[in-house]
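Quick notes on the structure that follows.
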Amino acid sequence: MVFFLPLPPMEFRKLYIETYGCQMNVVDSEIVVAILQQNNYQLTEDMDEADLVLVNTCSIRDNAEQRVRSRLNEFKSLKKRNREVSVGIIGCMAERLKEKLLEEEQLVDLVVGPDAYRELPSLLQEVEGGQKGINTILSLEETYGDIRPVRMDRNHVTSFVSIMRGCNNFCAYCVVPGTRGRERSRDPETIIRETTELYQKGYREVTLLGQNVNSYRWEQNGELNFENLLERVAKIDPDLRVRFATSHPKDMSDSLLKTMATHPNICRSIHLPVQSGSTSVLKRMKRKYTREHYMNRIESIKKQLPGASISTDIIAGFCGETEEEHEETLSLMEWAGYDFSYMFKYSERPDTFAALRYSNDVSEETKTRRLNEIIELQMKLSLESKQRDVGHTYEVLVEGTSKKSKDELFGRTSQNKVVVFPKGELKPGDYVNVRVDNCTSATLIGRPVGA
Ligand code: SAH
Ligand code: SF4
Ligand code: F3S
């Protein structure tokens with residue numbers, strides 16, 4: 001006689017995921033969680049109970065990679081405590097280093113590049129069978145457009161929506177075209193669907209993401225460019241704020257600014273990375289614009305969107321940068337009056353045009369000094385930018401409780417400036433008019449109007 005034993009209930013496996021790098025990686029982790037949830041994995045915030053630990057990595061500067069390397073070192077004790085746990089490296093470092101990662105980091109079981117996440121379930125089966133799993137094939141089409149990312153944000157008010165992947169610009173210093181592959185745009189219908197669903201769930205702000213959003217283009221059923229897409233997203237509901245990043249100065253058009261001007265819910269904040277204020281450095285960087293072109297774009301923003309905030313990215317000490325060229329960056333910053341900047345020391349990245357063709361000849365000491373001058377100037381500009389807001393009232397989208405006091409909330413203005421104010425009866429997701437009474441270089445301090 002044969003007895004059939006009932007199958008044991010299917011047990012979920014537990015996934016713990018850490019994300020480094022840019023906002024694109026934040027969304028990619030949410031896509032990875034969605035793929036794995038459909039394959040019997042459940043998210044955990046406790047690394048010690050995980051069956052699978054994934055690290056979504058960044059290669060943009062050497063220190064980004066070093067952070068991941070030291071994190072992997074810390075995982076050694078985790079593997080000692082729990083021999084069953086598998087460790088996977090995904091994202092840009094996986095793509096850049098490929099099987100070298102498996103050779104160099106003994107504890108790594110799995111290496112998966114940004115375009116191969118759909119293969120994760122089958123790669124995990126290989127890992128379960130005792131093999132190492134690797135797939136770093138880049139794609140010309142993959143956008144994960146049909147996948148609904150599992151949101152991991154804390155506030156349930158603001159979210160990112162990826163609208164394109166990859167980059168074709170090949171700036172001389174940059175690894176992204178190598179780690180993310182060729183540029184491709186996502187089907188607008190899936191973007192609209194995802195954003196509408198976020199709005200229906202109570203989200204009140206989306207940031208449309210791409211390495212160069214201005215070159216978004218969709219050519220099925222007629223042609224749709226970035227302005228058209230932005231307009232469609234803005235029309236989902238006037239109560240939904242829309243932001244976008246990143247714009248490339250060579251492609252930022254007046255027609256985009258006009259579209260922004262006609263929709264008050266498209267936020268008055270533009271991130272326009274300049275990298276350097278010197279035309280000769282920009283040429284070496286292969287940025288494809290001059291100082292004058294960039295200044296013309298800023299003038300146009302100021303004319304068409306008065307009161308908009310402008311932020312930027314700056315690299316200090318690129319190959320061959322002279323003292324005069326550095327001074328040009330400082331003078332451009334002063335002229336533009338940036339509200340905010342991300343500032344970096346140039347970091348040579350293997351296999352980029354700059355690494356292959358130029359000498360990384362600005363000394364570490366000089367890079368540090370120049371970066372410090374840039375940071376100091378930005379601190380002054382940021383404070384001036386905040387001081388201009390004192391005495392004015394802004395509509396603020398409430399995002400959460402202030403870090404410093406549970407009786408205070410924080411939110412952002414359309415210009416992307418953080419405001420802290422007394423809680424009252426307000427909650428995340430509300431809009432409130434806040435009068436700014438005071439400020440630091442990083443934060444506006446105010447009170448709801450009428451309170
Ligand atoms: N696509 C965006 C930027 C993505 S990377 C754009 O083109 O603006 C984010 C920022 O990292 C860049 O704007 C640049 O300022 C900085 N960055 C990129 N490569 C770098 C490198 N090798 N060293 C230092 N900073 C770098
Ligand atoms: Fe890198 Fe330039 Fe592409 Fe930005 S536009 S991701 S800096 S290559
Ligand atoms: Fe880093 Fe890759 Fe983003 S290199 S900045 S995670 S695209």
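Not measured: the values here are computed from a predicted model. Counting starts at 1 for both ligands and their atoms, following the listed order.
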Give me the residue, atom name and distance of the protein heavy atom closest to [atom].
| atom | result |
| --- | --- |
| atom 1 (Fe) of ligand 2 | Cys174 SG, 2.3 Å |
| atom 7 (S) of ligand 2 | Tyr173 OH, 3.4 Å |
| atom 8 (O) of ligand 1 | Pro273 CG, 3.1 Å |
| atom 19 (N) of ligand 1 | Tyr173 CD1, 3.2 Å |
| atom 8 (S) of ligand 2 | Cys171 N, 3.3 Å |
| atom 5 (S) of ligand 2 | Asn169 ND2, 3.4 Å |
| atom 7 (O) of ligand 1 | Arg287 NH1, 3.3 Å |
| atom 4 (C) of ligand 1 | Gln211 OE1, 3.3 Å |

Tell me which part of Arg180 gets within contact of ligand 3: side chain, backbone, both or neither, using heavy atoms under 4.0 Å.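 The side chain, only.
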Between Cys22 and ligand 3, which part of the residue brings a heavy atom under 4.0 Å of the ligand: side chain, backbone, both or neither?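 It is both parts that get close, each with some atom under 4.0 Å.
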Just which atoms of ligand 2 are under 4.0 Å from any heavy atom in Val176?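 Contacts of ligand 2 toward Val176, numbered from 1: 6 (S).
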4.0 Å heavy-atom contact, Met93 with ligand 3: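 So Met93 does not count as touching ligand 3.
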Give a yes/no on ligand 3: does Ser59 have at least one heavy atom closer than 4.0 angstrom to it?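 It does; at least one heavy atom falls under 4.0 Å.
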Mode of Gln275 contact toward ligand 1 - side chain, backbone, both, neither (heavy atoms, under 4.0 Å):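 The side chain, only.
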Classify the contact between Ile60 and ligand 1 as side chain, backbone, both or neither, using a heavy-atom distance cut-off of under 4.0 Å.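 Both parts.
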Part of Pro177 within contact of ligand 2 (heavy atoms, under 4.0 Å):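 Pro177 to ligand 2: side-chain contact only, backbone stays beyond 4.0 Å.
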Where does Phe170 meet ligand 2, judged by heavy-atom distances below 4.0 Å: at the side chain, the backbone, both, or neither?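 Backbone only; the side chain of Phe170 stays clear of ligand 2.
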I want to confirm something. Looking only at heavy atoms, which of Ala64, Ala172, Ser347 is nearest to atom 22 (N) of ligand 1?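 It is Ser347 whose heavy atom sits nearest to atom 22 (N) of ligand 1.
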To which of Leu272, Thr312, Asp313, Ile314 does the heavy atom nearest atom 13 (O) of ligand 1 belong?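 Checking each option, the heavy atom nearest atom 13 (O) of ligand 1 is found in Asp313.
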Using the ring of each side chain (for Trp, its six-membered ring), is Tyr358 parallel, tilted or perpendicular to Phe353, with breaks at 30° and 60°?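 Perpendicular.
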Just checking: Cys167, one of its N/O/S atoms, less than 2.8 Å away from atom 1 (Fe) of ligand 2, yes or no?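 Cys167 does not place any N, O or S atom closer than 2.8 Å to atom 1 (Fe) of ligand 2.
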Do any nitrogen or oxygen atoms of Ser247 lie less than 3.5 angstrom from nitrogen or oxygen atoms of ligand 1?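 Ser247 vs ligand 1: no N/O contact under 3.5 Å.
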Enumerated ligand 1 atoms positioned under 4.0 Å from heavy atoms of Arg61: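 Counting atoms of ligand 1 from 1, those under 4.0 Å from Arg61 are 11 (O), 16 (C), 17 (N), 23 (N), 24 (C), 25 (N), 26 (C).
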At a 4.0 Å threshold, what atoms of ligand 1 neighbour a non-hydrogen atom of Phe344?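 Listed by number with element: 10 (C), 11 (O), 15 (O), 16 (C), 25 (N).
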Using the six-membered ring of Phe344, assess whether NZ or CZ of Arg61 lies under 6.0 Å from its centre and within 45 degrees of the ring axis.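 Relative to the ring axis of Phe344, which defines the angle, Arg61 lies inside both limits.
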For the aromatic rings, using the six-membered ring if either is Trp, is the centroid distance between Phe244 and Phe226 under 6.0 Å?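 Close enough - the centres of the two rings lie under 6.0 Å apart.
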